[in-house]
Amino acid sequence: MTQKDSPPATDFIREIIEEDLKTNKHGGRVATRFPPEPNGYLHIGHAKSICLNFGIAAQYHGTCNLRMDDTDPSGESLEYVESIIQDVRWLGFDWQDRLFYASDYFEQLYEFAIQLIKKGKAYVCSLSADEIREYRGTLTEPGKESPYRNRSVEENLDLFSRMRAGEFEDGAHVLRAKIDMASPNITMRDPILYRIKRAHHYRTGTRWCIYPMYDFAHCLSDSIEKVTHSICTLEFENNRPLYDWILDQLDVDCHPQQIEFARLNLSYTILSKRRLIELVRKGYVTGWDDPRMPTIAGMRRRGYTPEAIRNFCVRIGVAKNENTVDMSLLEHCVREDLNERAPRVMAVLRPLRLIIDNYPEGQVEEIECPNHPQNPDMGSRRLPFSKVLYIEQDDFLEKPPKKYYRLAPGREVRLRYAYIVKCVGVVKDEKTGEVKEVHCTCDPETRNGPLPDGHKVEGVIHWVSADHSVPAEVRLYDRLFRVPDPTAERDDFTKYLNPRSLETLASCRVESGLKGAAPGSRYQFERLGYFCVDAKDSSSNKLVFNRIVSLRDSWAKIANQQQKNE
RNA sequence: UGGGGUGUCGUCAAGCGGUAAGACACAGGUCUUUGGAACCUGGAUGCGGAGGUUCGAAUCCUCCCACCCCAGCCA
């Protein structure tokens with residue numbers, strides 16, 4: 001972690017841990033774990049959990065394990081494992097040699113199941129899936145006991161070992177805990193512990209045809225790893241009695257405490273694995289690392305920094321309230337970080353030729369430009385200035401509205417770090433009326449200094465020398481969805497996809513120094529926003545930049561209001 | 001109509017019986033060679049509602065209301 005990360009705020013989980021430390025509940029030990037299922041990529045919601053678990057471990061001098069919760073072979077894969085490892089590491093966390101897999105515990109878990117059977121606390125049930133559902137009862141009605149509930153220990157042992165041996169069809173039997181079919185908590189109505197599933201597991205291959213369920217595997221995995229605080233999300237609150245029940249029946253020397261917190265929701269995006277997979281599979285995005293995705297991989301490619309994401313996770317807090325955090329807070333954290341560290345650079349996204357009529361043809365001056373106006377330590381560079389420049393199309397308007405103080409006929413504007421120029425003419429396309437060129441004169445006295453008579457120019461615009469700049473493609477990314485909560489209505493969330501979430505600008509011009517920029521490096525394009533060299537598509541022949549986030553644009557706000565008032 | 005949770009500013013979120021932190025967003029302003037950044041100011045007489053206890057309640061009690069989760073051989 002860097003120093004600029006805010007100090008970890010306290011929260012109810014840390015309070016519990018501090019209390020436990022005070023009472024020496026776990027011998028002063030703090031051990032957490034982050035247990036993703038490798039069936040999808042990690043997203044910003046996982047980042048909250050990662051920061052919580054690893055953050056707590058670091059803060060209290062404990063440990064945090066990375067554990068693949070891979071108990072359901074369907075959908076799990078090595079690709080996901082590798083992405084998870086990469087993402088957690090990229091976020092800045094280290095589990096040293098404690099990368100674990102629930103699938104590594106299959107043998108132990110099986111033994112625990114035997115123990116349960118021997119204690120008369122589990123039985124093999126031969127009801128069909130439909131029957132089990134019927135027997136389970138409803139929210140308001142108690143369930144019925146399975147006719148197989150009172151099989152003898154011997155029979156259960158025999159059946160269970162034959163389940164493992166592959167003697168039965170998928171679904172023919174399950175192992176169930178013998179708890180209470182009348183429990184008001186449905187989780188406790190003889191929950192299924194093991195199912196027969198002939199599926200290839202990405203790690204254990206075909207060694208197993210029975211797989212433990214989450215409730216059975218999770219608490220025991222925690223216990224095996226000697227976790228002290230098992231932090232999970234709210235939807236598992238109903239499962240906590242079962243978590244405790246299983247550990248209470250078995251002969252284990254570690255009984256972790258499960259604590260639940262509210263998962264993160266973010267406006268203008270979705271954070272459900274199922275839906276993210278749908279976006280990828282149906283091609284709404286280019287992949288898990290599409291820069292519009294709320295995945296760690298997507299945000300990394302977009303140019304977000306781990307520091308910004310960690311800081312965001314600190315600032316959103318940890319509590320039990322259902323919450324939807326404003327996307328603007330994430331964007332704020334990204335700007336805050338990048339403002340400090342991104343070197344400034346000149347880039348013109350939508351070029352408009354600006355010709356300085358009174359500037360000598362062929363003359364080139366070197367203009368000294370600081371790489372960061374507030375931080376001289378970041379040095380400076382020299383930018384070529386010449387008669388023909390490119391400026392931003394937005395920075396010239398023939399009929400400027402009120403409060404517009406950029407270039408317009410007869411108006412003056414400062415070319416950043418260079419001269420003040422005055423617009424003396426416009427060349428338009430005869431047919432379309434489109435402005436093709438802007439002609440200006442410049443006052444040689446004003447080079448990078450105040451006007452001689454002291455009067456100031458309000459507008460400052462960025463520029464690039466036509467002959468000395470290089471072409472680039474810039475991808476302008478915006479929010480993935482056009483509404484704050486795409487899943488609010490029951491209908492298809494994809495209809496709320498923002499059609500303008502990506503705009504590709506193919507003929508941008510950037511200062512030539514950017515030619516050798518390393519993939520992933522981040523810059524502020526002056527007055528526009530923060531951009532990074534796309535790690536996948538950019539090359540020395542074809543520069544490709546991603547817009548990470550725009551600068552706050554108070555002119556856009558004014559212009560918007562003016563439009564509304566009309 | 002069962003059980004488990006949660007309700008404090010637009011959004012997060014502190015508060016733990018002594019008189020409503022902070023952040024983002026928003027609105028004004030200062031400054032400015034980024035309409036950026038930075039800085040300043042403004043906002044809940046109010047804590048889901050109604051009662052009660054108390055000198056004193058967001059904090060304790062009672063009742064009510066709203067929302068979320070649970071009926072996968074998913075996690």
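All values below were derived from every heavy atom in this structure, side-chain atoms included, with hydrogens, water molecules and symmetry-related copies excluded. Each chain gets a letter, A, B and so on, in the order the sequences are listed, and its residues count up from 1.
Heavy-atom nearest nucleotides on RNA chain B were determined for A:Asp170 and for A:Arg406, and the one closer to the 5' end corresponds to A:Arg406. Each of A:His218 and A:Ala418 was assigned the nucleotide of RNA chain B with the nearest heavy atom; the assignment lying further toward the 5' end belongs to A:Ala418.
A distance-only check finds a donor-acceptor pair linking the side chain of A:His46 to the backbone of A:His43 [under 3.5 Å]. The backbone N or O of A:His201 lies less than 3.5 Å from no partner atom in the side chain of A:Thr204, so there is not a single donor-acceptor pair. Counting only distance, with no hydrogens or angles, the side chain of A:Glu392 and the backbone of A:Leu349 share a donor-acceptor pair below 3.5 Å. With hydrogens and angles disregarded, no donor-acceptor distance shorter than 3.5 Å links the side chain of A:Asn53 to the backbone of A:Thr32. A:Ser183 contributes no side-chain N or O that, together with a main-chain N or O of A:Ile179, makes up a donor-acceptor pair within less than 3.5 Å. Under a 3.5 Å cut-off, the side chain of A:Asn185 and the backbone N or O of A:Asn238 do form a donor-acceptor pair.
The base of B:G3 sits with one of its N or O atoms less than 3.5 Å from a complementary donor or acceptor on the side chain of A:Asn238.
One P atom belongs to B:G4, the other to B:A44, and the distance between them is 38 Å to the nearest Å. The P atoms of B:A21 and B:G52 are separated by 28 Å, rounded to the nearest whole Å. A gap of 15 Å separates the P atoms of B:G18 and B:G56, to the nearest Å. With P as the reference atom, B:G43 and B:G22 are 11 Å apart, rounded to whole Å. On the P atoms, B:U30 is 46 Å away from B:C68, given to the nearest whole Å. Look at the P atom in both B:G5 and B:C24: the space between them is 34 Å, to the nearest Å. For the C1' atom pair drawn from B:C74 and B:G36, the interatomic distance equals 48 Å after rounding to whole Å. Between B:G17 and B:U1, the two C1' atoms lie 37 Å apart (nearest whole Å).
Atom P of nucleotide B:C70 and atom CE of A:Met181 are separated by 18 Å, given to the nearest angstrom. Distance, A:Phe312 CZ to B:G22 C1': 16 Å, rounded to whole Å. Atom OH in A:Tyr405 sits about 12 Å away from atom P in B:U32, given to the nearest Å. Rounded to an integer number of Å, the gap from A:Ile132 CD1 to B:G72 P is 11 Å. In this structure, A:His46 atom NE2 and B:A75 atom C1' are separated by 10 Å, rounded to whole Å. With rounding to whole Å, A:Phe261 atom CZ is found 18 Å from B:G4 atom C1'. Separating the CG atom of A:Asp190 from the P atom of B:C73 is a distance of 13 Å, rounded to the nearest angstrom. Whole-Å rounding puts the A:Tyr268 OH to B:A25 C1' distance at 11 Å.
Nearest to the side chain of A:Thr187, among B:A27, B:C70, B:G35, sits B:C70. Listed candidates were B:U33, B:A27, B:G3. Nearest to the side chain of A:Pro184 is B:G3.
Distances shown here put every side-chain N or O of A:Ser128 at or beyond 4.0 Å from the OP1 or OP2 atom of B:C73. Between A:Lys273 and B:C74, a side-chain N or O to OP1/OP2 separation shorter than 4.0 Å is absent. Between A:Arg527 and B:G36 there is no side-chain N or O to OP1 or OP2 distance below 4.0 Å. For the pair A:Arg195 and B:C74, the criterion of a side-chain N or O lying under 4.0 Å from OP1 or OP2 is met. Listed pair A:Thr71 / B:A75 meets the phosphate criterion, a side-chain N or O lying under 4.0 Å from OP1 or OP2.
With a cut-off of 3.5 Å on both Watson-Crick or G-U wobble distances, the partner of B:C73 is given as none. For B:G43, there is no paired base (Watson-Crick or G-U wobble, both distances below 3.5 Å). Nucleotide B:A66 is matched to B:U6 when pairs are restricted to Watson-Crick or G-U wobble geometry with both distances under 3.5 angstrom. B:C31 is unpaired under the criterion used here, namely a Watson-Crick or G-U wobble arrangement in which both key atom distances are under 3.5 Å. B:A14 makes up no base pair with any nucleotide shown, lacking Watson-Crick or G-U wobble contacts both under 3.5 Å.
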Once base and sugar-phosphate atoms are separated, protein heavy atoms under 4.0 Å mark nucleotides 9-14 of chain B, 5' to 3', with B, S and - as -BSSSS
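Heavy atoms of A:Ser554 sit under 4.0 angstrom from primed sugar atoms or phosphate atoms, though from no base atom. Using a 4.0 Å heavy-atom cutoff across all strands shown, A:Leu330 reaches no nucleic acid atom at all. Here A:Met213 lies in heavy-atom contact (under 4.0 Å) with sugar-phosphate atoms only. Counting non-hydrogen atoms under 4.0 angstrom, A:Leu127 reaches a base of the nucleic acid. If you check every strand for non-hydrogen atoms under 4.0 Å, A:Tyr211 touches nothing. Across all strands shown, A:Asp215 has no heavy atoms under 4.0 Å from either base or sugar-phosphate atoms. Within 4.0 Å of A:Tyr194, counting heavy atoms only, lies no atom of the nucleic acid at all. Heavy atoms of A:Arg133 sit under 4.0 angstrom from primed sugar atoms or phosphate atoms, though from no base atom. No engagement by A:Glu458 is indicated, since no non-hydrogen atom pair under 4.0 Å with the nucleic acid exists. Within 4.0 Å (heavy atoms only), A:Pro373 reaches at least one base atom of the nucleic acid. As judged by a 4.0 angstrom heavy-atom cut-off over every strand, A:Arg344 is placed among the base-contacting residues. Across all strands, A:Glu526 comes closer than 4.0 Å to base atoms (heavy-atom distances). Within 4.0 Å of A:Ile461, counting heavy atoms only, lies no atom of the nucleic acid at all.
In B:G17 the base sits anti relative to the sugar, since the glycosidic angle is further than 90° from 0.
Closest approach of A:Ile196 to A:Glu169, counting heavy atoms only: CD1-O, 3.6 Å.
Between A:Tyr194 and A:Phe160, the two ring planes are perpendicular [angle over 60°; tilted spans 30° to 60°].
The 12-atom threshold is not exceeded at NZ of A:Lys422, counting heavy atoms of other residues, nucleotides or ligands nearer than 6.0 Å. For A:Arg263, the CZ atom sits in a loose shell: 12 or fewer heavy atoms of surrounding residues, nucleotides or ligands are nearer than 6.0 Å.
Aromatic pair A:Trp555/A:Tyr405: ring centres not closer than 6.0 Å.
In terms of the ring-ring contact (aromatic ring centres under 6.0 Å, His included) criterion, A:Tyr243 has no residue partners (sequence neighbours excluded).
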Assess whether side chain to side chain contact (heavy atoms under 4.5 Å, CB included) is satisfied between A:Leu354 and A:Tyr390, documenting all intermediate values.
CA-CA 6 Å; A:Leu354 181 145; A:Tyr390 287 121; over 6 Å; no
Nucleotide N/O to protein N/O under 3.5 Å, stretch nucleotides 37-42 of chain B:
from  : atom 1 : to       : atom 2 : distance (Å)
B:A37 : O2'    : A:Asn339 : ND2    : 3.0

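In this structure, A:Arg176 forms no cation-pi arrangement with A:Tyr123, as its terminal cationic atom is not both closer than 6.0 Å to the ring centre and no more than 45° off the ring axis.
In this structure, A:Trp555 packs face-to-face on the six-membered ring of B:G35, meeting both the 5.5 Å centre cutoff and the 30° plane limit.
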